[in-house]
Colleague: 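I have a structure I would like to understand better, so I am pasting it below and will then ask my questions one at a time.
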2 protein chains.
Amino acid sequence: MPAKKNNYRFEEILDKHQLKKTDARLRVLSMLASKNFATSQPDLEEVMVDVDRGTLYRILNAFEEKGIIHKVFDLNGTANYALCNSDCEENHHHDEHLHFNCVQCNNVYCLNDLDLPDLNLPEGFKSLNFSLSVTGICPKCGKKSK
Amino acid sequence: MPAKKNNYRFEEILDKHQLKKTDARLRVLSMLASKNFATSQPDLEEVMVDVDRGTLYRILNAFEEKGIIHKVFDLNGTANYALCNSDCEENHHHDEHLHFNCVQCNNVYCLNDLDLPDLNLPEGFKSLNFSLSVTGICPKCGKKSK
DNA sequence: TTTAATATGCAACAATGTAGCATTTACTTT
DNA sequence: AAAGTAAATGCTACATTGTTGCATATTAAA
C-alpha cells in the first residue's frame, strides 16, 4: 500500500520526535487526523490489517509517549486514540479538554474550546491533570433519531 | 468460607433487587464497602479466588445493571468497582461525582460531595451524564513522599 | 555503499471478558 | 419438612486485547 500524498505535516511530526518515517506510522497519523472524533483500537486494527498487530501497538505507544496522540477509554473500556494539541510535550500531556462519548454511535469527540471548571478538591488531594467525560447523544445521532 | 457477620445491610440490598443471597455476592459487597476507594477487577479476583472467574463477572454485571455498583476505568483502562449512591436506580445511574485517580498507588477515589460545573456544550450535543476524572496524588501517597 | 540504529513481522504468551451447558443452591409452596 | 422451580454457580471453551523476544528488514546517516 503506497504512502498517502500530502504527508508533509505528518512527516514533520515524526521528524520532530526522532521517529523514522515509515508507511505504517504515516497511515496511523493520517487516519487519526481524518476524523473529528477519536479512533478506536478495533477500527484502527481493521484499517491496518496489513501491519502486524504488535507493531501497531508499538506505534501507538510510541506516539503516546512522545505526546503526539492521547488515549481515551470509552464507555466500554475500549481504547480510543486522537491527535494531541500541538502544545503537548513529551511525557507531559496537556489534554485537559472535554471528551464527549455518544451512547449511540459510541464515538468519542474531543471538545477542546470549552471553559473548564475550577476544582476544589478535599484536603490532601493534589491534582496534576483532569479530564471531563460526558456521555450523551452526539449531533449526528441526534439528527438521525428525529 | 463462611459468610461474614453483620451482613444485614448487604442482604437487604440483594433482597431489594431480587437477587438471591449467596455467599459470593455478600462477600463482593462487603469487600467494596470496606474501602474508601474503588476496587480493581484484579484485586477482586485475587480475594475471590475460590469462586469461578466467570461467576464473578456475572455478579459484577448484575450488580451494575441493578444500580448497586458502578464501574470506573482507571488510567490503565482497568475496570474498578465501587458501591453506588443509594439513589441509583435500575438502569439509571446517578453517579455524577468526581473520580480521583492517584498516579502513584493507582487507587480510584469517589469524591461525591463536590459542586460540579455547569456545562455548555456545542450546538447539537445532548448530555445525559458526566463524570469528572482527575489524576494526581492522593493524601496517602502525598504523606509517604514527604 | 556501507553501517548502525531502529522498525517490523512473527510467534508465543498473559490478561481480560463472554457464553453454553450441566449441576447445585436458594427460596417458594405445599 | 419435603418437593419443586427459578436462579446461580462451576466448568470449559473461546474471543479480544495487549505484551515480549528474537530474527529480519528498513531508514537514514556516514
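Quick note: numbers below take in every heavy atom, side chains included, and nothing from hydrogens, waters or symmetry partners. Residue numbers start from 1 in every chain, and the chains themselves are labelled A, B, ... in the order their sequence lines are given, proteins ahead of strands.
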Colleague: Can you tell me if the side-chain N/O atoms of B:Tyr57 get under 4.0 Å from OP1 or OP2 in C:dG17?
Modeller: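 It does, given that an N or O in the side chain of B:Tyr57 lies less than 4.0 Å from OP1 or OP2 of C:dG17.
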Colleague: Report yes if some heavy atom in the side chain of A:Glu45 is under 4.5 Å from a heavy atom in the side chain of A:Tyr57; otherwise report no.
Modeller: yes
Colleague: Just by distance, do the side chain of A:Asp52 and the backbone of A:Gly54 share a donor-acceptor pair under 3.5 Å?
Modeller: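 It does hold such a pair.
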Colleague: Starting at atom CD of A:Glu65, determine the distance to atom C1' of C:dT6, rounded to an integer number of angstrom.
Modeller: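 Rounded to the whole Å, the gap is 15 Å.
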Colleague: Hey, does A:Asn76 reach any base, or is it just sugar-phosphate, or nothing, if we go heavy atoms under 4.0 Å?
Modeller: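 It contacts nothing in the nucleic acid.
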Colleague: Under a 3.5 Å distance rule, please check whether A:Asn101 uses its side chain to pair with a backbone N or O of A:Asn106 as donor and acceptor.
Modeller: yes
Colleague: Going only through I, L, V, M, F, W and Y residues with side-chain contacts under 4.5 Å, is there a path from B:Phe10 to B:Leu60?
Modeller: yes
Colleague: Is the shortest side-chain heavy-atom distance between A:Ile68 and A:Arg25 below 4.5 Å?
Modeller: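 In short, these two side chains do not touch, never coming nearer than 4.5 Å.
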Colleague: Between C1' on C:dC10 and CG on A:Leu56, what's the gap in Å once rounded to a whole number?
Modeller: 15 Å
Colleague: Hey, quick one: are A:Ile59 and A:Leu26 part of the same hydrophobic cluster, counting side-chain heavy atoms closer than 4.5 Å, chains of contacts allowed?
Modeller: yes
Colleague: Between C1' on C:dT16 and CG on B:Asn61, what's the gap in Å once rounded to a whole number?
Modeller: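 After rounding, the reported distance stands at 12 Å.
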Colleague: Give a yes or no on whether B:Ile69 and B:Val47 share a hydrophobic cluster (residues Ile, Leu, Val, Met, Phe, Trp, Tyr; joining criterion: side-chain heavy atoms under 4.5 Å apart).
Modeller: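 Yes, because B:Ile69 and B:Val47 connect within a single hydrophobic cluster, where side-chain heavy atoms sit under 4.5 Å apart.
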Colleague: Using atom CE of A:Met48 as one end and atom P of C:dA7 as the other, report the distance to the nearest whole Å.
Modeller: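 The answer, rounded to whole Å, is 15 Å.
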Colleague: Return the polar atom pairs (N/O with N/O) between nucleotides 20-23 of chain C and the protein under 3.5 Å, or none.
Modeller:
{"from": "C:dG20", "atom 1": "O6", "to": "B:Arg58", "atom 2": "NH1", "distance (Å)": "3.4"}

Colleague: Could you work out how much the helix from C:dT1-D:dA30 to C:dT30-D:dA1 bends, comparing the axis of its first five pairs with that of its last five, to 10°?
Modeller: 30°
Colleague: Holding to salt bridge (Lys or Arg N to Asp or Glu O under 4.0 Å), I want the full list of residues that pass it with B:Glu12, two or more places apart in sequence or in another chain.
Modeller: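 With neighbours one apart ignored, the set is empty.
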Colleague: Nearest whole angstrom, please: distance from the P of C:dC27 to the CD of B:Gln18.
Modeller: 13 Å
Colleague: Quickly work out the A:Asp52 CG to C:dT6 C1' distance and round it to whole Å.
Modeller: 16 Å
Colleague: Which sits closer to the 5' end of DNA chain C, B:Pro42 or A:Arg25, going by the nucleotide each is nearest to?
Modeller: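 Taking each residue's closest nucleotide, the earlier one in sequence belongs to A:Arg25.
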Colleague: By ring pair (Phe, Tyr, Trp, His ring centres under 6.0 Å), which residues pair with A:Tyr109, not counting sequence neighbours?
Modeller: A:Phe37, B:Phe125
Colleague: Does B:Asn107 form a side chain to side chain contact (heavy atoms under 4.5 Å, CB included) with B:Cys138? I'd like the steps, not just the answer.
Modeller: CA-CA 8 Å; B:Asn107 285 342; B:Cys138 76; 5.7 Å; no
Colleague: Shortest non-hydrogen contact from B:His70 to B:Glu64?
Modeller: CA-CG, 4.4 Å
Colleague: Side chains of A:Leu14 and A:Thr22, heavy atoms from C-beta outward: is any pair under 4.5 Å?
Modeller: no
Colleague: So where does chain A start and stop touching DNA chain D, 5' to 3', when the test is distance under 4.0 Å to a non-hydrogen atom?
Modeller: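 It runs D:dT17 to D:dA28.
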Colleague: If we only count heavy atoms from C-beta on, is the A:Thr39 to A:Val28 side-chain gap below 4.5 Å?
Modeller: no
Colleague: May I have the distance from A:Lys66 (atom NZ) to C:dT6 (atom C1'), rounded to whole angstrom?
Modeller: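 Distance, rounded to whole Å: 12 Å.
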Colleague: Is a donor on one side and an acceptor on the other found under 3.5 Å between the side chain of B:Asp74 and the backbone of B:Val72?
Modeller: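 Side chain of B:Asp74 to backbone of B:Val72, a donor-acceptor pair under 3.5 Å: no, none is there.
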Colleague: Just checking A:Gln41: base, sugar-phosphate only, or nothing, at a heavy-atom cut-off of under 4.0 Å?
Modeller: sugar-phosphate
Colleague: What's touching nucleotides 24-26 of chain C from the protein side, N or O pairs under 3.5 Å?
Modeller:
none

Colleague: Find the distance B:Phe73:CZ to C:dA15:C1' and express it as a whole number of Å.
Modeller: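 These atoms are roughly 15 Å apart.
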